[in-house]
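Everything quoted here is computed from the prediction, not taken from an experiment.
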Amino acid sequence: FQSILRLSLLKSNIMKNLIIVSAACLALVGCTGTKEAQKEDAPLKRITQVDFSHVKIEDGFWSPRLSKHTTATLPVCIDQIENQTGRIRNFENAAKGEGEHSGIFFDDSDVYKALEGIAYSLINNPNPELEKKADEWIDKMAAAQQPDGYINTYYTLTGLDKRWTNMDKHEMYCAGHMMEAAIAYYQATGKRKLLDVSIRMADHMMSVFGPGKRHWVPGHEEIELALVKLYQATGETKYLDFANWLLEERGHGYGSKGDEGEWNPEYYQDVVPVRDLESISGHAVRCMYLYCGMADVAALKQDTGYVEAMNRLWDDVVLRNMYVTGGIGSSRHNEGFTEDYDLPNLEAYCETCASVGMVYWNQRMNQFTGDAKYVDVLERSMYNGALAGVSLTGDRFFYVNPLESKGDHHRQAWYGCACCPSQISRFLPSIGNYIYGVSQEALWVNLFIGNITKVKVGDQEVTIQQKTHYPWDGKVELKVSAAQALDKELRIRIPGWCKDYQLSVKGQVVKASVDKGYAVIKGWKPGDVISLEMEMPVEKVAADPRVKQDVGKRAIQRGPLVYCLEEVDNPKGFDQLQLEAGTTFEVVDAPELLGGVKLIKAQSGKQQMTFIPYYAWDNREAGQMKVWIDYQE
């Protein structure tokens, strides 16, 4: 294992490095491409995800959240898009060629992301009424497309003569989200109307931009990874090539906002060519989408230069610019980054979309090496930074996720800039993407979520059943069934937070070798039951001393969960609460509280404190909250 957070765990007063390790694989959630398209990505792409469409989640922690997604999150998104805002009306007006554009110039993207969430929900939970609603939306989108393939309601309603004049007006960003929604819906239903709309838009863009044509630097990245998905869905290499061309446009002085202001190369990731990038800068979500696009193109184009750049960037993000919650982007000013180790708590921005982006990017990073460190970061962002973005009721959302609050920061039903609610709507139903991976030599177990999955390993159909109460305890049971023995490895991630564990096969303890954070079991047979029992103590975490905002403070973590103090549980002397070297902790079941959690009760001198999981804060009465607590040696 390697230390990557430069945090310390205080355990029995002995300082230890906190290891954050992880694994994931290239997310190509969409249709299966041609054999030629699949074969080209083999050399650099070691691991391929098991698509969530093959994963049936049956889990005490996640199943209630997926149910809330269906009954609350999607209905809220649909209501806001249709009734509370003008987002769907923009498409109706664009189809008629008359009427005003309502909202922000990139509001089309919210509709596309919500549609993607609907598609993902339909894959594992068919619903005729929901599918009918999606079809209605798609009909309106198709009607809004121009004869030359262009589709963007903002410019259609404010002047097509102004299109493609300002690189920060999100035209390609919106197109990218449309492509992702179209591919997801095609995967879910087999219907290709929106896929054909997306193809025409992609062809339109390529008629205007590309080698020997106009230069273009998308102000908000997203189109790059979407074009790779379009390539995977169609087998048309030109879309992959266009994604690569757009990446290569950066860092050459081509960026421009036309006559609408000054282009800031740092903010737009346009200072140097992407393969020369060494540090993260500017807008956090844009960075995440850029790195996802680079990873996708690198895997398919065998571009080791991109991989080397991403390795440098990953170190910069995780070692110097990531919060303990897995959130990134400390500054409200640019929704992104300032200087290394600048991680304020009360003013932390930590956009929900950025935490989801960390999941997307870290999933892709593991494809190249099979190193488990990426899944640890993925898991940290997923259980803390991203999951905090939606209320326990599923109908209210955080845009910003600070690590401290004076009692005035609350989730909302929607936002004028509603990227985060629609992001959550597409992220939650696809969490099955991150559990398993397959490679030539192994079946990889990355996350611990109860499920039944059918997957092809080599030339055999394999059924995996996983049972666990994670993240509340560290016991995981895996049963792998196949028609005959497999000459493959079973690689089970040992999380970086886990210092002690026991692995057994059919009740017999085994000493498996560990490779890059995975316990490697060889010679497993169909019907074997593999058990992993991980010790899950309460840990006191210290920040890197260069994080000046956290000097003299500690955070509390148990397993993958970061905990916090809320004033509602600690009403007396909240600002004076502190931890000590001799603080003792007790883990307490609270099945009726916050959807069912394990509390951490702390006794520090005469002070008593109650900690709750960070993701669950602001679900009760208003009050103060903090993750980092004063610490007395």
Centroid-centroid distance, Phe106 to His220, less than 6.0 Å: no
Sidechain N-carboxylate O distance under 4.0 Å for Arg286, Asp168: yes
Nearest-0.5 Å distance, CG of residue Leu490 to CH2 of residue Trp444: 11.0 Å
Asp139 and Lys193 ion-paired at < 4.0 Å: yes
Any donor-acceptor N or O pair under 3.5 Å, side chains Arg364, Gln367: no
Beyond-backbone contact of Lys456 with Val462, side-chain heavy atoms, under 4.5 angstrom: no
Salt-bridge present (Glu180, Lys113; N to O < 4.0 Å): no
Under-4.0 Å salt bridge between Lys238 and Asp203: yes
Gln466 vs Tyr436 side-chain heavy atoms within contact, under 4.5 Å: yes
Shortest non-hydrogen separation from Leu66 to Leu428 and the atoms involved: CD2-O, 3.3 Å
Pair Trp414-Thr85, side-chain donor/acceptor within less than 3.5 Å: no
Close side-chain approach of Phe242 and Tyr231, heavy atoms under 4.5 Å: no
Criterion ring-ring contact (aromatic ring centres under 6.0 Å, His included) on Tyr120 and Phe52, from CA distance to verdict: CA-CA 9 Å; Tyr120 291 160; Phe52 74 91; 5.1 Å; yes
Parallel, tilted or perpendicular: rings of His177 and Tyr289 (30°, 60°): perpendicular
Residues Arg493, Glu379: salt bridge by 4.0 Å N-O rule: yes
Output field: ring centroids Phe397/Phe427 closer than 6.0 Å: no
For Glu129 against Asn127, the heavy-atom pair lying closest together: N-OD1, 3.0 Å
Donor-acceptor pair between Glu171 and Tyr150 side chains, under 3.5 angstrom: yes
Residue pair Asp110 / Ser422, side-chain donor-acceptor N/O under 3.5 Å: yes
Interatomic spacing from CG in Leu532 to OG1 in Thr468 - rounded to 0.5 Å: 8.5 Å
Ion pair Glu92/Lys140, N-O distance below 4.0 Å: yes
Aromatic ring proximity Phe209/Trp164, centre distance under 6.0 Å: yes
Reported CD-to-OG distance for the pair Gln412 and Ser391, which is rounded to 0.5 angstrom: 12.0 Å
Parallel, tilted or perpendicular: rings of Tyr383 and Phe61 (30°, 60°): tilted
Exercise: identify the closest heavy-atom pair between Asn124 and Val55: ND2-O, 3.7 Å
CZ-NE2 distance between Phe398 and His409, expressed to the nearest 0.5 angstrom: 4.5 Å
Student check: side-chain heavy atoms of Thr73 and Asp395 closer than 4.5 Å: no
Under-4.0 Å salt bridge between Asp108 and Arg87: no
For Thr156, all residues meeting side-chain hydrogen bond (donor to acceptor under 3.5 Å, both in side chains), sequence neighbours excluded: none
Beyond-backbone contact of Met141 with Val197, side-chain heavy atoms, under 4.5 angstrom: no
Within-4.5 Å side-chain heavy-atom neighbours: Tyr155 and Lys162: yes
Pairs flagged by side chain to side chain donor-acceptor pair (under 3.5 Å) wherever residues 472-482 is involved - sequence neighbours left out: none
Sub-4.5 Å side-chain heavy-atom contact between Asp241 and Lys301: yes
Ion pair Asp148/Arg163, N-O distance below 4.0 Å: yes
Parallel, tilted or perpendicular: rings of Tyr399 and Tyr349 (30°, 60°): perpendicular
